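Presented below is the structure to which this report refers.
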Amino acid sequence: MLTDWIIEKNNFEGSDIEKHGSKFLLGNGFMGYRGTMEEYSAQQLVAVNLAGFFDLADGSNWRESVNAPNPLYTVVAVNGTDLNLSELTPVSHSQKLDIKNGIHTRETVFSVFGVNVTIKAERFLSMSSENIMALKYSISADNDVELTIRTGIDKNVWNISGNHLNYVSESSFDNKHILNCETVQLKNKLNIYETVIGLEDIKNDNLLHISTVKLQANTQFEFVKFGGVYHSEGIINAEESFNAAVEIGYEKLKAAHCLVWEEVWKNSDVVIEGDDEAQLALRYSIYHLCSIAPHNTDKCGIPARGLSGQVYKGAAFWDTEMFMLPFFQFTDAKAARNLLKYRVNTVEGAKRKAKEFGYEGAFFAWESQETGDDACTLFNVTDIFTNRPQRTYFKDKQIHVSGDIVFAMWDYCRTTGDYTILVDGGLDLMYECLWFYYTYSSFKPYKNRYELLDVVGPDEYHERVGNNAFTNIMVKHAADIFVQAIEVVKANYPQTFKVFNKDLTWAYDFSEKLYVPQPDDRGIIEQFDGYFGLEDVTPEVLKTRELKENEYWGGHGLASETMTLKQADVIMMLNVFRNEYSAEIKKANWQFYEPYTEHGSSLSACAYAIVAAEIGDTDWAYKYFMKTASVDLTGNTKQYLGSLYIGGTHPAANGGAWNTAIFGFAGVSFTNDVLDISPRLPKNWKKLSFKLNWKGEALTITISQNVVEIDGVKNTKVTVYGKELKKCV
Ligand code: BGC
């Protein structure tokens with residue numbers, strides 16, 4: 001049954017454990033808690049994944065985000081038999097995620113020694129107190145039974161590359177356990193607090209509280225637990241913060257948490273009438289974005305797999321700026337600004353990277369962690385035939401990332417009206433990015449143009465190509481943006497501009513003469529120099545050539561010399577620069593590239609969805625919309641790249657779902673001063689309504705098949721299908 005706000009599974013299959021860990025994920029921006037059972041451990045991929053907290057595991061050369069020990073660990077035993085869902089077949093089991101309130105529940109009935117024992121558990125990661133998590137646990141049985149409850153901190157949590165923590169000290173007093181840890185490489189402190197309320201005659205042993213309960217038939221025994229996770233500056237007031245949360249008590253803490261979610265949804269909900277499936281999938285996507293947003297920090301980006309684990313090393317990619325940022329800038333400008341400020345804060349790492357490869361300026365990390373140094377290795381895939389590390393060029397050639405950041409920063413400024421980021425390091429960042437591109441580019445005197453050679457575009461199957469259209473156009477925009485940003489700073493912040501004071505002759509020349517690939521006489525833009533000459537083969541045919549499952553198609557693999565692409569590339573470009581290409585050009589390219597696109601990345605579907613909507617093909621748009629919006633509901637994504645595990649949640653696709661609803665179906669687009677709405681709703685959608693913060697005005701937009709209503713307009717100039725609105729409600 002579909003409900004608007006509940007994700008549920010009403011039976012248990014062991015094979016779902018990994019998938020459900022991501023599907024039922026809780027997050028509060030500071031940490032994520034996988035959708036695992038309270039009695040699970042490392043083997044079932046339990047993880048309390050920390051945002052922006054990284055370290056090199058023992059004996060590894062793969063730096064990844066740290067998973068904290070689990071303070072909500074709880075297992076109940078009857079006559080020495082643990083009621084562990086991964087070991088006992090249950091009589092019944094249900095798992096639910098309430099996405100309106102960010103609450104995870106499970107109810108499991110186990111049959112042991114002829115008694116049916118029911119376990120109910122409810123937990124949340126506090127949105128009002130980010131270091132805190134809480135659990136309410138209850139047990140009942142249909143006959144008298146003696147239970148042994150073991151609950152405490154479990155150190156045995158999931159780690160992809162090995163152990164990240166040294167345990168410095170453990171203490172237990174007043175029913176409280178404290179585990180002080182230190183990361184193995186940087187010796188950063190991580191302290192875990194835990195307490196339980198409602199258990200009696202407790203024996204404390206090895207970070208566990210152990211208690212025996214004589215449960216009478218058809219009565220319920222209940223206790224609550226609190227966990228606290230602290231690192232960085234949070235350590236200073238950890239004890240105080242934890243005690244305060246415990247003092248507040250479970251129900252009040254939960255109420256405060258729900259109140260924050262209520263506020264979040266007020267700004268970010270998108271309501272679809274007429275399509276329950278799409279409604280749930282879109283809300284679920286929004287839930288993920290809100291639960292991983294850095295609400296209180298500008299020290300970390302959003303990892304490519306959210307806070308679902310250590311996949312992709314917990315690092316931020318271009319995914320944030322190109323796929324997620326629009327959602328934040330229109331619904332939660334503070335989070336958007338934090339994300340951009342994080343890039344400003346890590347620009348030194350980007351400069352180090354440029355230098356490492358012989359350039360100047362800022363070459364942002366392909367996989368960015370806390371310092372901005374690149375966590376991506378030169379050998380990011382393991383060849384499944386030889387088991388040898390395989391040279392990939394994501395790190396050193398996927399240069400578009402610096403331009404993506406410049407583009408996103410400008411987009412944020414234009415749509416929020418907040419240009420302060422420019423004088424908060426933003427203009428310098430833009431300058432450094434542009435200077436990097438200038439030093440990377442080749443000037444061809446006989447063509448009187450700059451070119452960007454030896455790059456990787458969004459389609460990672462074709463490495464080291466020349467003049468990738470997406471990259472060149474992005475860089476050209478970055479150059480134009482930089483020139484415009486200078487004027488803004490000059491006019492509005494003259495003091496800062498004086499300090500900036502740099503010779504920019506080169507920037508104007510670069511912006512004017514950078515080569516931008518144009519449509520040919522069929523209207524098609526070549527993805528990169530020579531693409532049209534590659535073997536004309538689609539992904540379906542390539543699949544038949546595979547020798548092994550999960551064979552990597554990039555590198556010198558199956559796709560490299562063919563026209564098959566991993567993900568939207570030219571179509572991504574048409575999506576980003578939607579105002580600059582006609583519907584005819586979009587149509588010609590969509591029809592041309594779609595058959596060659598594998599959608600081997602979850603970033604691909606939304607670009608195809610949006611452009612399909614723009615060319616009036618709402619059926620295809622809907623198909624790709626559902627693909628992007630339900631990616632973490634179905635779990636139907638690539639789990640391996642060669643032998644590399646890449647499962648988890650997909651926040652870029654989640655952002656892509658929102659982008660498709662707003663830019664594709666609602667048809668929102670904007671030039672500097674005008675917001676245009678040109679809807680093309682799927683046939684079965686009766687209504688689509690949502691909020692947008694546009695230059696400080698809180699707009700509510702409601703679209704039905706033939707009416708557009710806009711509430712909250714003050715100074716904004718709004719057009720519908722290009723015609724100025726006379727009156728807004
Ligand atoms: C995609 C990249 C993306 C990365 C992280 C890769 O598979 O090709 O475009 O940034 O995953 O999501």
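Only a predicted model underlies this, so the values are computations on that prediction, with no experimental measurement involved. Note that ligands are numbered from 1 as they come in the structure, with each ligand's atoms numbered from 1 the same way. Quick note: residue numbers are just sequence positions, from 1.
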Does the N or O separation between D319 and ligand 1 drop below 3.5 Å for any pair? yes
Would you mind listing which atoms of ligand 1 come within a distance below 4.0 Å of any non-hydrogen atom of F317? 4 (C), 5 (C), 10 (O)
Logged contact type for H650 with ligand 1, heavy-atom cut-off 4.0 Å, is neither
May I ask you to establish whether R414 and Y412 are in a cation-pi arrangement, using a distance under 6.0 Å from NZ or CZ to the six-membered ring centre and at most 45° from the ring axis? no
Taking ring-ring contact (aromatic ring centres under 6.0 Å, His included) as the definition, give me every residue that meets it alongside F54, ordered by chain and number, with sequence neighbours left out. none
Sequence neighbours left out, what passes side chain to side chain donor-acceptor pair (under 3.5 Å) with T634? Give chain and number order. none
K566 versus ligand 1: do any nitrogen or oxygen atoms come within less than 3.5 Å of each other? yes
Cation-pi, F663 ring and R578 (6.0 angstrom, 45 degrees): yes
When you look for heavy atoms under 4.0 Å from ligand 1, do you find them on the side chain of I646, its backbone, both, or neither? neither
Assess K313 against W62: is NZ or CZ under 6.0 Å from the centre of the six-membered ring, and within 45 degrees of the ring's axis? yes
Which atoms of ligand 1 are found less than 4.0 Å from any heavy atom of W318? 2 (C), 3 (C), 9 (O), 10 (O)
Considering only NZ, NE, NH1 and NH2 on the basic side and carboxylate oxygens on the acidic side, decide whether K353 and D374 come within less than 4.0 Å. yes
Enumerated ligand 1 atoms positioned under 4.0 Å from heavy atoms of L603: 3 (C), 9 (O), 10 (O), 12 (O)
Considering the heavy atoms of A304, write down every atom of ligand 1 situated less than 4.0 Å from one of them. 5 (C), 12 (O)
